[in-house]
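Only one structure is covered here, and it is reproduced in the block below.
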Amino acid sequence: MGVDTTIVKCLECNSRNLFYDENRGERHCQDCGLLLEERIVDQSPEWREFNEGGESTNRSRVGAPSTNLLHDKGLSTQIDWQNRDYAGAAINSKNRSQMYRMRKWQMRSRVKGSQERNLSVALVQIGLVCSKMGLPKTINERAADIYRRALKAGLIRGRSIEGTVAASLFIANQQLSTARTVDDFAKFTKLTSKEISRTYRDLKRKLSIKTPVPTPMVYVARFVSDLGLNSETERRTREIIKKAEDYELTHGKSPSGIVAAALYIAGQETGQVRTQREIAEVTNVTEVTIRNRYKQLANNLGIKLEI
DNA sequence: AAGACGAAAGTGGTTGA
DNA sequence: TCAACAACTTTCGTCTT
């Protein structure tokens with residue numbers, strides 16, 4: 001069988017308009033946003049071997065790795081209803097009663113009850129949003145885990161599945177610093193950013209989840225890549241933000257605004273000029289904010305710009 | 001014509017009595 | 001609960017290159 005590793009058409013909308021992001025090592029469809037390829041594919045088993053002939057022999061590989069992404073954690077070997085063994089031969093009567101008991105227990109333990117159904121719907125949605133937004137599997141796993149906890153704590157009642165899905169994803173995003181904003185999640189779900197942040201706060205409080213204090217720094221790589229700037233400009237941008245944080249010029253200001261301004265200044269300095277319009281586009285702040293911010297930063301950090 | 005500028009009015013969230 | 005407030009947005013006329 002020939003192995004074709006190059007995807008030329010989107011699997012969802014058949015568009016040939018694909019985009020390869022070198023920094024993130026991902027290939028997306030530019031039309032529907034589906035994540036088609038990731039550079040890092042870890043196919044190794046999820047446990048390590050500590051002693052010779054120990055782990056690997058005891059925990060022999062059966063089935064796919066256990067994962068939070070499936071409602072029953074992937075432990076779902078099906079027992080067929082036909083009284084035949086794998087080769088198609090009839091199973092003798094001695095084993096039949098055993099088979100019957102196994103089926104019975106499987107039926108009892110499988111998708112049943114509203115919680116399980118809720119979870120399987122939610123996990124599909126989490127996967128879908130992750131794929132559309134080009135988020136790595138780690139986010140998917142983390143969000144799934146948070147959703148499970150929310151479900152277990154009975155926090156879904158009175159809330160929409162989609163809202164909790166988005167909030168779980170946003171928490172995962174904050175914890176793992178994948179540089180997506182609430183607005184990004186709003187764009188890829190049917191929810192407003194307001195609803196998402198409200199559920200986000202709620203979930204964090206009720207599940208006592210901690211997320212790192214947000215810093216503008218996490219957005220730098222993403223915006224640099226989106227604007228096609230070089231590493232020199234990126235370095236300088238980080239420098240400016242670091243200084244701004246040291247001088248406490250960032251408190252109470254929107255992170256994207258800070259990054260946008262720093263990018264603008266750095267771009268002017270290194271000759272990688274981007275217009276306020278372009279920067280406003282990718283950072284999702286207005287040109288006015290960029291102006292206000294960059295003037296403030298330039299003044300307080302003693303940066304002279306010859307514009 | 002494109003980009004930058006800044007005034008003025010409007011919006012949504014936070015804070016403190 | 002309400003008003004004051006800071007940050008940010010929208011809009012728009014003007015200036016500069």
Side-chain angles (χ1 to χ4, degrees), chain A residues 155 158-160 162-164 166-171 173-175 179-220 222-224 226-230 232-234 236-238 240-307:
Chain A
L155 299 176
R159 263 176 266 268
S160 68
E162 194 167 34
T164 314
S168 305
L169 279 162
F170 189 64
I171 293 174
N173 164 73
Q174 296 293 83
Q175 289 180 333
R180 301 305 197 281
T181 61
V182 191
D183 286 328
D184 291 326
F185 285 100
K187 225 169 281 170
F188 285 91
T189 58
K190 293 189 196 100
L191 305 146
T192 64
S193 39
K194 205 167 133 189
E195 292 172 315
I196 297 176
S197 30
R198 188 165 38 93
T199 315
Y200 162 76
R201 281 193 299 271
D202 237 45
L203 231 53
K204 260 177 59 171
R205 197 166 50 82
K206 299 236 170 81
L207 296 175
S208 31
I209 292 174
K210 300 232 184 332
T211 52
V213 182
T215 155
M217 218 61 104
V218 303
Y219 298 108
V220 173
R222 176 184 166 194
F223 294 153
V224 161
D226 287 349
L227 286 163
L229 295 165
N230 62 24
E232 163 70 4
T233 311
E234 172 167 0
R236 181 63 183 139
T237 304
R238 289 186 189 280
I240 293 166
I241 294 173
K242 178 73 174 53
K243 258 186 154 183
E245 283 178 337
D246 289 347
Y247 284 80
E248 310 210 331
L249 300 169
T250 61
H251 296 321
K253 308 284 194 297
S254 89
S256 337
I258 302 280
V259 183
L263 283 165
Y264 185 70
I265 297 172
Q268 301 288 335
E269 288 178 340
T270 61
Q272 285 230 298
V273 181
R274 295 293 181 276
T275 63
Q276 295 177 356
R277 179 89 196 54
E278 290 171 310
I279 296 175
E281 186 97 7
V282 310
T283 57
N284 227 3
V285 299
T286 62
E287 299 162 58
V288 181
T289 301
I290 296 178
R291 287 200 277 277
N292 294 335
R293 228 16 20 87
Y294 101 74
K295 298 234 150 118
Q296 180 211 358
L297 290 185
N299 285 336
N300 289 289
L301 299 177
I303 297 168
K304 292 270 183 293
L305 289 173
E306 70 284 359
I307 303 172

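Letters A, B, ... are given to chains in the order of the sequence lines, protein chains preceding strands, and every chain is numbered from 1.
- Protein atom CZ of A:Arg291 is 15 Å distant from nucleotide atom P of C:dC15, rounded to whole Å.
- Contact annotation for A:Gly257: no contact, since no heavy-atom pair falls under 4.0 Å across all strands.
- Relative to the side chain of A:Lys194, the nucleotides B:dG13, B:dC5, C:dT10 differ in distance, and B:dG13 lies closest.
- Using a 4.0 Å heavy-atom cutoff across all strands shown, A:Ser254 reaches sugar-phosphate atoms only and no base atom.
- Going from atom CD of A:Gln276 over to atom C1' of C:dT11 covers 16 Å, rounded to whole Å.
- Residue A:Gln272 places its CD atom among more than 12 non-hydrogen atoms of other residues, nucleotides or ligands, all under 6.0 Å distant.
- Here A:Arg198 lies out of heavy-atom contact (under 4.0 Å) with every strand.
- Remark on DNA chain B: of its neighbouring residues A:Val288 and A:Arg277, the 5'-side contact belongs to A:Arg277, judged by nearest-heavy-atom nucleotide.
- Taking atom CD on A:Glu278 and atom C1' on B:dA2, their separation rounds to 11 Å, with Å as the unit.
- Checked for salt-bridge contact, A:Arg277 and A:Glu281 meet the test: a charged N lies under 4.0 Å from a carboxylate O.
- Under the 3.5 Å distance criterion, with hydrogens and angles disregarded, no donor-acceptor pair is assigned to the side chains of A:Thr199 and A:Asp202.
- Atom CZ in A:Arg201 sits roughly 5 Å away from atom P in B:dT14 (whole-Å rounding).
- Spacing between atom CD1 of A:Ile265 and atom P of B:dA4 amounts to 13 Å, rounded to whole angstrom units.
- Atom OH of A:Tyr264 is separated from atom P of B:dG3 by 11 Å (rounded to the nearest Å).
- Rounded to whole Å, atom P of C:dC8 lies 7 Å from atom NZ of A:Lys253.
- Following rounding to the nearest Å, A:Arg274 (CZ) and B:dA2 (P) show an atom-to-atom distance of 18 Å.
- Relative ring orientation between A:Phe170 and A:Phe185 is described as perpendicular, the plane-to-plane angle rising above 60° on a 0-90° scale split at 30° and 60°.
- For A:Arg222 (side chain) and A:Ala179 (main-chain N/O), a donor-acceptor pair under 3.5 Å exists by modelled atom type.
- As the counterpart of B:dG6, C:dC12 is assigned, both hydrogen-bonding distances of the Watson-Crick or G-U wobble pattern falling under 3.5 Å.
- Listed pair A:Arg293 / C:dC8 meets the phosphate criterion, a side-chain N or O lying under 4.0 Å from OP1 or OP2.
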